[in-house]
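A short worksheet on the structure shown next.
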Amino acid sequence: MLKARPGIMDIAPYKGGDAKLPGQTRVMRLASNESPLGPSPRAVEAYHALSPELHRYPDGAAEELRAAIARPHGLPAEQIVCGAGSDELISLVTRAYAGIGDEVLHSQYGFLMYAIAAKTVGATPVAVPARDYGADVDAMLAQVTPRTRLVFLANPNNPTGTLLPAAEVRRLHKGLPDDVLLALDSAYAEYVAGPDYEDGSALVRGHGNVVMLRTFSKIYGLAALRLGWAYCPPAVADVLNRVRGPFNVPAPSQAAGVAALGDRTHLDKARAHNNRWLPWLAAKLQETGLQPVPSAGNFLLVRFSNPALTADMAATFLNSRGILPRKVGAYGLPDCLRITIGLADENEAVASALAEFAAPQGAAHRAGAR
Ligand SMILES: *Cc1c(COP(=O)(O)O)cnc(C)c1O
């Protein structure tokens, strides 16, 4: 009988955030942390400009894109490896550094792809208990064994929005043996401000066992094009370039990425939008008695601790208002919803819907919504 390798059938397939609501004309898609402002118009133009060239292979080395990434970030282009989304880079790093019998560490409530990637290569994902929904450095270090090959840390973390201060990330790195690779997933780095945060590039610069993963799917609004990159020590870049597909990043994605990096105005606009609406929505939800976890990303993890007003009920109620939040039961958070910051009217719709849901007199409305 044909059989997949051990571990494969233990993988629960990754299920993305919902995108459709049957019967609703306008759907507010707040389930996948996409940028409500969409991509830079220049990126869209660059993508279209590639249409007469669809018969051509892309530049397998992504020279222009790597140079365009290197410039504003102040990094050496030869230490950048591009991927079809940072998801591909998560898989490549795992495939290159972990295998059967090895352990791959991540925090409880960490991004789901880490465990999926580990199981795919026959390694064992080890979920380390979180503290206040975020990574607990001491607990993580305590779980390092001679079998540990790889430690994943999303900072800020998805789906919790929690931030680990730079000193804590450095302490985590310092406690790891130098034959363990620390993969810092900074998918939301552009949203974070403040002296307490580092995206991980400084750690990569000084050490041979750290990589930083980045994506164009979040603040750049290019999720459809599957574009991510890793900043690596030279030896790790060499390894990833051996295991990646020769043409792993489509030409239209490369072109759009270059154009997006050239539009700082759009980037600043997306950041300013989030800086305005993230605290606004958090405050509104608190006023209604809900408990959003403090977030450094473009989303809020909201807890529904009242057993009479569960997260599932809230999701159904939001759906009845045309709003799509993300259920996070697969992350072990069945009492929470993750809600992406949307356009102004979408955020207002979320706030008023949840106020109505949580209000004592909301019971009648809730019954009506079913
Ligand atoms: C969205 C997300 C990614 C995936 O990004 P892609 O580039 O779209 O594959 C990776 N890590 C985290 C923490 C994310 O939230």
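Remember, it's 1-based here, ligands and their atoms both numbered in the order they're listed. Just so you know, these numbers come straight off a predicted model, no measurement behind them.
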N/O donor to acceptor pairs below 3.5 angstrom from side-chain atoms of residues 231-245, sequence neighbours left out:
| residue | atom | partner | partner atom | Å |
| --- | --- | --- | --- | --- |
| D238 | OD1 | R242 | NE | 3.3 |
| D238 | OD1 | R242 | NH2 | 3.2 |
| D238 | OD2 | R242 | NE | 3.2 |
| D238 | OD2 | R242 | NH2 | 3.1 |
| N241 | OD1 | R244 | NE | 2.8 |
| N241 | ND2 | A237 | O | 3.2 |
| R244 | NH1 | G60 | O | 3.0 |
| R244 | NH1 | N248 | OD1 | 3.2 |
| R244 | NH2 | G60 | O | 2.9 |

Check ligand 1 for N or O atoms under 3.5 Å from a protein N or O and list each pair with its distance.
| residue | atom | partner | partner atom | Å |
| --- | --- | --- | --- | --- |
| ligand 1 | 5 (O) | S86 | OG | 3.1 |
| ligand 1 | 7 (O) | S86 | N | 2.6 |
| ligand 1 | 7 (O) | S86 | OG | 3.1 |
| ligand 1 | 7 (O) | T215 | OG1 | 2.5 |
| ligand 1 | 7 (O) | S217 | OG | 3.3 |
| ligand 1 | 8 (O) | S217 | OG | 2.6 |
| ligand 1 | 8 (O) | R226 | NH1 | 2.9 |
| ligand 1 | 8 (O) | R226 | NH2 | 3.3 |
| ligand 1 | 9 (O) | S86 | N | 3.2 |
| ligand 1 | 9 (O) | D87 | N | 2.9 |
| ligand 1 | 9 (O) | D87 | OD1 | 3.4 |
| ligand 1 | 9 (O) | D87 | OD2 | 3.4 |
| ligand 1 | 9 (O) | R226 | NH2 | 2.7 |
| ligand 1 | 11 (N) | D185 | OD1 | 3.3 |
| ligand 1 | 11 (N) | D185 | OD2 | 2.6 |
| ligand 1 | 15 (O) | N158 | ND2 | 2.7 |
| ligand 1 | 15 (O) | Y188 | OH | 2.7 |
| ligand 1 | 15 (O) | K218 | NZ | 3.0 |

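- Residues F152 and V169 do not share a hydrophobic cluster, clusters being chains of Ile/Leu/Val/Met/Phe/Trp/Tyr side chains in contact below 4.5 Å.
- Between Y331 and Y109, the ring centre distance reaches or exceeds 6.0 Å.
- A donor-acceptor pair is defined here as one N or O able to donate and one able to accept, closer than 3.5 Å; no such pair exists between the side chain of E34 and the backbone of S217.
- Listed by chain and residue number, F299 satisfy the ring-ring contact (aromatic ring centres under 6.0 Å, His included) test with Y188 (two or more places apart in sequence, or in another chain).
- E190 pairs by the salt bridge (charged side-chain N to carboxylate O under 4.0 Å, His left out) definition with R214, not counting sequence neighbours.
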